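Step one of this worksheet: look at the structure below.
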There are 2 protein chains.
Amino acid sequence: MNNLLANIKIAINENLFVKDPNSSDLGKKIIHHSVIMIEEIGFEAFTFRKLGQKIDSPEASIYRYFESKNQLLAYLISWYWGWMEYRLVFETANIASAEKRLEKSIAIISNEMKENMIVDDISIKKLHRIVICESSKSYLTKDVDKANKEGAYLNYKQFVSRIVLIIKEINSGYKYPNMLLSTIIEGAHLQVFFAEHLPRLTNVQKTEDYVAKFYTELALKAIKK
Amino acid sequence: MNNLLANIKIAINENLFVKDPNSSDLGKKIIHHSVIMIEEIGFEAFTFRKLGQKIDSPEASIYRYFESKNQLLAYLISWYWGWMEYRLVFETANIASAEKRLEKSIAIISNEMKENMIVDDISIKKLHRIVICESSKSYLTKDVDKANKEGAYLNYKQFVSRIVLIIKEINSGYKYPNMLLSTIIEGAHLQVFFAEHLPRLTNVQKTEDYVAKFYTELALKAIKK
DNA sequence: ACATAATCAATAGTATTACTATTAAATTTG
DNA sequence: CAAATTTAATAGTAATACTATTGATTATGT
């Protein structure tokens with residue numbers, strides 16, 4: 001998989017940047033180091049000034065690429081879902097059974113990647129941790145409608161709708177496929193966070209993939225007639 | 001029935017305020033207007049300066065009650081879960097069937113209150129909307145472990161554990177009661193938000209209580225052997 | 001080749017924010 | 001009624017997000 005996907009470019013809506021960060025060395029440095037920095041110190045403490053110091057460029061230069069740190073976060077999260085869609089399509093391509101494809105999908109959502117891949121200067125592992133901790137902040141805002149109009153969540157919605165199709169294959173009459181899916185995705189992220197910080201809100205198990213198992217069981221029982 | 005009935009005052013951990021806002025008129029004004037203001041303009045835009053202007057008190061006076069706006073948010077959310085526990089105990093008290101009690105619990109979590117109640121100067125309806133949009137920000141922080149040690153999430157955990165007991169009554173062998181519950185609670189909040197702003201991530205239905213219905217069905221199917 | 005246009009990053013800001021040090025006033029206590 | 005304590009107000013600081021402007025670099029057209 002590494003070889004197949006390593007140099008694929010993820011399409012990002014043009015409203016999510018001022019200048020395409022993939023078009024210059026500075027842009028790539030901004031992406032590369034912002035992922036490292038946000039994962040390390042959190043989005044609240046992350047500032048363009050600190051990032052500028054890290055990459056030895058002035059704060060203002062970063063504003064040539066992103067008009068705010070919120071836009072940068074939206075870019076990264078959109079990239080994440082673009083990347084996840086690629087993975088989804090690839091890894092479910094040759095599975096005939098819809099149930100097995102759903103199972104695989106939930107595993108992709110829930111499980112951390114074992115090897116640390118770098119794609120487009122982005123550390124997948126670190127970006128996954130950013131999505132867990134910070135992604136809800138990108139839509140739980142008063143600007144959500146504006147951001148939505150500008151296409152900030154398109155990649156996320158597209159990812160969701162792909163798996164919704166699988167659910168409909170299993171049971172075309174099921175009334176809540178989108179609800180079920182957004183519940184699973186946001187829930188899976190939450191459980192990882194709770195396991196680490198608020199264990200009384202989850203049920204940590206010995207097996208590595210218990211989150212995926214829980215949500216797979218939940219989904220299949222819910223969907224079946 | 002129990003001590004909750006006698007005590008209408010919700011108990012809040014002492015680490016969640018500098019001075020008890022219930023101990024003075026200014027404190028009560030801070031609580032009352034902060035709920036109104038956060039619901040209206042969102043937690044990001046909310047500042048102690050704006051609140052001070054609204055209640056005609058200087059910004060610094062508010063710092064006598066809360067050391068930061070994050071602490072104030074933590075206080076409000078903790079109050080919410082204290083209040084929700086009170087409701088839970090009260091409204092499930094005379095229901096014999098564990099399944100019916102679970103159903104009622106999920107309804108309490110999911111459904112908006114019809115009448116707008118004011119308790120301890122707090123608008124329940126507005127606070128519910130704050131919890132939907134802002135509560136995840138109070139734990140998705142780098143300070144989560146510190147806040148947890150100081151008891152910021154005690155009321156939430158206590159609320160969860162009460163319903164976990166109901167689930168165990170239904171099926172004592174079920175392995176994931178806490179996971180299921182935190183999934184339902186956070187999911188129910190999310191679906192309300194998505195229905196309003198990102199409808200492609202949910203499945204809006206005509207009935208008022210479809211969120212409760214979805215999660216009740218999900219829960220019962222998951223729990224049953 | 002060379003003038004023109006476009007793009008680039010750097011400097012030096014501004015406005016706003018969260019938060020604090022200090023003091024004056026009010027209240028309580030002995 | 002004087003001393004001690006609690007109260008809120010003033011006037012800040014430091015850090016933040018973000019911007020206006022300029023000079024340097026690169027690309028383009030004839």
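Each chain gets a letter, A, B and so on, in the order its sequence line appears, and its residues count up from 1. For clarity, every value in this text was computed on a predicted model and none was experimentally measured.
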Nearest listed nucleotide, side chain of [X], among [options]:
X	options	result
B/P58	C/dA9, D/dA17, D/dA9	D/dA9
A/T47	D/dA11, D/dT16, D/dC18	D/dT16
B/Y63	D/dA8, D/dA17, C/dA18	C/dA18

In whole angstrom, what separates [X]'s [atom1] from [N]'s [atom2]?
X	N	atom1	atom2	result
A/F48	D/dT19	CZ	C1'	13 Å
B/D143	C/dA18	CG	C1'	14 Å
A/R49	C/dG13	CZ	C1'	11 Å
B/Q53	C/dA18	CD	P	12 Å
A/R64	D/dG23	CZ	P	15 Å
B/Y65	D/dA9	OH	C1'	13 Å
B/K69	C/dT16	NZ	P	15 Å
A/E67	D/dC18	CD	P	9 Å

Please determine if a side-chain N or O atom of B/S61 lies less than 4.0 Å away from the OP1 or OP2 oxygen of D/dA9. yes

Are A/K19 and C/dT7 close enough that a side-chain N or O sits under 4.0 Å from OP1 or OP2? no

5' precedence on DNA chain C between B/K50 and A/L26 (nearest-nucleotide basis): A/L26

Just checking A/F46: base, sugar-phosphate only, or nothing, at a heavy-atom cut-off of under 4.0 Å? sugar-phosphate

Can a donor-acceptor pair under 3.5 Å be found between the side-chain atoms of B/E59 and the base atoms of C/dC19? yes

How about A/Q191 and B/T183: does a side-chain donor come under 3.5 Å of a side-chain acceptor? yes

What do you reckon, are the aromatic ring centroids of A/Y80 and A/W83 less than 6.0 Å apart? no

Taking 4.0 angstrom as the limit, do A/K125 and A/E39 come out as a salt bridge? no

Looking at A/K142 and B/E44, is there a salt bridge between them, counting it only when a charged N and a carboxylate O are closer than 4.0 Å? no

First locate atom OG of B/S34, then atom OH of B/Y65, and finally report the distance between them rounded to the nearest 0.5 Å. 13.0 Å

